[in-house]
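Since the structure comes first, as structure tokens, the remarks are kept for the end.
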Amino acid sequence: MAKGITARSEDYSQWYLDVVLKAEMAEHSPVKGCMVIKPTGYGIWEKIQQHLDRMFKETGHVNAYFPMFIPESFLKKEAEHVEGFAPECAVVTHGGGKQLEEPLVVRPTSETIIWDSYRNWISSYRDLPLLINQWANVCRWEMRTRLFLRTTEFLWQEGHTAHATHEEAEEETMKMVRIYQKFAEEYLAMPVLVGRKTDREKFAGALHTYCIEGLMQDGKALQAGTSHHLGQNFAKAFDVKFQDKDKELKYVHATSWGVSTRLIGGMIMTHSDDQGLVVPPRLSPRPVVIVPIWRSDEQMDAVLGCARGMVEGWDPLFYYLDDRDQYKPGYKFNEWELKGVPVRIEIGPRDVENREVVVVRRDTGEKATMPMDGLREKLEAMLVEIQANLFTKAKARVEASTHTVDSYDEYKARIGEGGFFRVFLDHENPEVEQQLQNDTRSTVRCIPFDAEEEEGACMITGKPCKYRVVAAQSY
RNA sequence: CGGGGCGUGGCGCAGCCCGGUAGCGCACCUGCUUUGGGAGCAGGGGGUCGCUGGUUCAAAUCCAGUCGCCCCGACCA
């Protein structure tokens, strides 16, 4: 349909790539796996940052910034951590033309450099909890990359907190995954499963990992956010102790949690269509675009004058008046559709005369004529409705793609069609998971918090299970 | 790391088989006409053909090598 966008039904990954490129979200940089995030994409990231940052601060966190270079030796202090991350680290060996005495790792995540600082920041129970977040870039040398979903360098936030007790750290870990859930559902309009990762899938160096997991339109799952309970692993590795009320010297309990620019990929694959991007209103930098229409110069003056009068007093970031003279209206309609602006307003000479405008929704394509009086209130209500509609539609899709399966044969036969599969699986046995992956290229995405008690037999080994887990093929 | 593809104006491609002054569409610049779903006409600017070497009077084209990127899998947010 739209020029240059492959239909989803024809080739889903090509569609995704087309949308990212044609909507001018991002482009490939000269370095393998790296991307240039263009204004259309970066504006959405800024909205993500704004909303999340507020949610973090409302729950008592503050921002700080730690350096991107980490001494190689730091990474090695936590055994599981280094094993998990060393293979994908970029390492700087030279600086200022000289070989460095110790190579520097470009952070793949910041636990080590942060806990090295925390050692000096924490000495008493009065210093706890320490609730810090940072917005940063990180670097992971992945073999296979895809714009937004997995890039060599990506942007993210990483929270790193320190607590006096296991229980407090657990509470924090849970609190943050719930914040991610809220953000995914209420802002990205992306329904997610919330639960715990299996030991095989958990963060390198964590006791356990909680996650939110989305389901894309092609039926593949996407890990969209993780919250880790790190226990005392990093405190021990970096010797971070505090003196408690009982005078005892104790190791600190830690958490870390993060979401990345991958959320933008998730947003695209949750809502966008064959016409291009669809941006949920709450993530749109300017959710309303006004396209004026004219023939003559006099009409241009009249229409633009009327449009400018109409938006007087509106928040400048609520709308964009596209008064560019070098493009015709049809071109602009297509451009803004491609870029996913939630609502478009058309205003021409006829409308000026009638004191009305044509309003078009990106999510449904519906056109309606509305009076200029009281327009802003109507638009605001419409944006709320679009936001809700996107979530409802996505939710229905995920529900329709969630299957309950009991036999491994049926699982193997159906896993290729995509979707979440609720199954009995002995997820405590890593070999079972490995077999699942070998046989079906799928993994346990999460053990849902809301899994109901249910008696059943592991579909691979027959071992009795007390609840179902969710498995899927994933990005 | 295995499999596939591609490197030619900013972007997308043709030309290569069969060597002979580098072409098309879009974009860009100028002018006129246009403007309610990607405008038309006329004129114009812009390219060491990824890189290195070889063959040849002559290489985008043939030969050898090399580098890079993209896509599909195994690893990962």
Side-chain angles (χ1 to χ4, degrees), chain A residues 1-6 11-14 16-18 21-22 24 27-35 83-89 108-109 137-158 180 197 200-204 209 211-214 221-228 256-266 275-276 291-297 299-300 303 322-338 344-352 357-358 360 365 367 369 434 437-438 441 443 445 473-475:
Chain A
M1 226 16 178
K3 269 191 205 170
I5 296 187
T6 307
D11 182 343
Y12 193 81
S13 356
Q14 188 61 47
Y16 174 78
L17 191 60
D18 288 345
L21 296 175
K22 301 286 175 187
E24 300 183 321
E27 61 190 26
H28 294 285
S29 90
V31 177
K32 176 178 161 59
C34 293
M35 66 174 168
E83 193 187 328
F85 284 102
E88 54 191 55
C89 283
T109 179
N137 58 342
V138 285
C139 182
R140 297 182 189 177
W141 218 264
E142 303 284 359
M143 295 174 194
R144 173 117 162 69
T145 55
R146 300 185 55 148
L147 293 175
F148 289 112
L149 297 174
R150 181 173 299 104
T151 47
T152 303
E153 180 196 7
F154 56 94
L155 305 182
W156 78 347
Q157 59 69 215
E158 47 181 328
Y180 288 154
K197 282 289 182 193
R200 194 164 167 276
E201 298 270 323
K202 75 179 183 186
F203 179 76
T209 291
C211 66
I212 57 170
E213 200 79 22
L222 183 77
Q223 179 172 309
T226 46
S227 180
H228 317 291
S256 71
W257 27 273
V259 297
S260 72
T261 33
R262 167 180 272 194
L263 288 179
I264 296 175
Q275 319 306 320
V291 178
I293 299 156
W294 60 74
R295 288 169 190 275
S296 62
D297 284 355
Q299 283 182 338
M300 180 174 87
V303 170
D322 188 357
D323 58 1
R324 293 173 300 174
D325 195 19
Q326 66 269 39
Y327 297 110
K328 300 210 306 177
Y331 180 93
K332 296 177 183 176
F333 295 165
N334 281 288
E335 177 177 352
W336 296 120
E337 233 161 61
L338 193 51
R344 177 176 81 238
I345 294 177
E346 305 173 8
I347 174 170
R350 282 204 302 271
D351 306 306
V352 169
V357 292
V358 175
V360 188
K367 283 192 181 194
T369 302
Q434 186 63 53
Q437 184 168 7
N438 292 346
R441 294 201 286 113
T443 48
R445 299 319 301 161
Q473 293 183 338
S474 72
Y475 278 95

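Proteins come first, then strands; the chains are lettered A, B, ... in the order of their sequence lines, and each starts at number 1.
Every ring-ring contact (aromatic ring centres under 6.0 Å, His included) that A:Phe85 has, sequence neighbours left out, goes to A:His81, A:Phe203. Every residue two or more places apart in sequence or in another chain that forms a side-chain hydrogen bond (donor to acceptor under 3.5 Å, both in side chains) with A:Thr209 is listed here: A:His228.
A:Thr261 comes within contact range of no nucleotide atom at all, as no heavy-atom separation falls under 4.0 Å. Contacts of A:Glu346 with the nucleic acid, taken as non-hydrogen atoms under 4.0 Å apart, include base atoms. Residue A:Gln437 is classed as a sugar-phosphate contact, given heavy-atom separations below 4.0 Å to backbone atoms only. Residue A:Val291 is out of contact with every strand shown, counting any heavy-atom pair closer than 4.0 Å. Across all strands shown, A:Arg441 has heavy atoms under 4.0 Å from sugar-phosphate atoms exclusively, and none from any base. Using a 4.0 Å heavy-atom criterion, one finds that A:Arg344 contacts the bases of the nucleic acid, with or without backbone contacts as well. Across all strands shown, A:Thr443 has no heavy atoms under 4.0 Å from either base or sugar-phosphate atoms. Among the atoms of the strands shown, none is found under 4.0 Å from any heavy atom of A:Thr226. At a threshold of 4.0 angstrom between heavy atoms, the contacts of A:Lys367 include nucleobase atoms, whether or not backbone atoms are also involved. Using a 4.0 Å heavy-atom distance criterion, A:Pro349 is classed as a base contact.
Counting only Watson-Crick and G-U wobble pairs whose two key distances fall under 3.5 Å, RNA chain B forms stems of three or more stacked pairs at B:1-7 with B:67-73, B:10-13 with B:23-26, B:28-33 with B:39-44, B:50-54 with B:62-66.
Between the side chain of A:Glu337 and the base of B:G37, a donor-acceptor pair under 3.5 Å is found.
Residues A:Gln157 and A:Trp257 meet the side-chain proximity criterion, which asks for heavy atoms closer than 4.5 Å.
Shown here for A:Arg324 and A:Lys332, the closest heavy-atom pair between the two residues is O-NZ, 2.7 Å. Residue A:Val138 comes nearest to A:Glu158 through the heavy atom pair CG1-OE2, 4.2 Å, listed as atom of the first residue, atom of the second, then distance.
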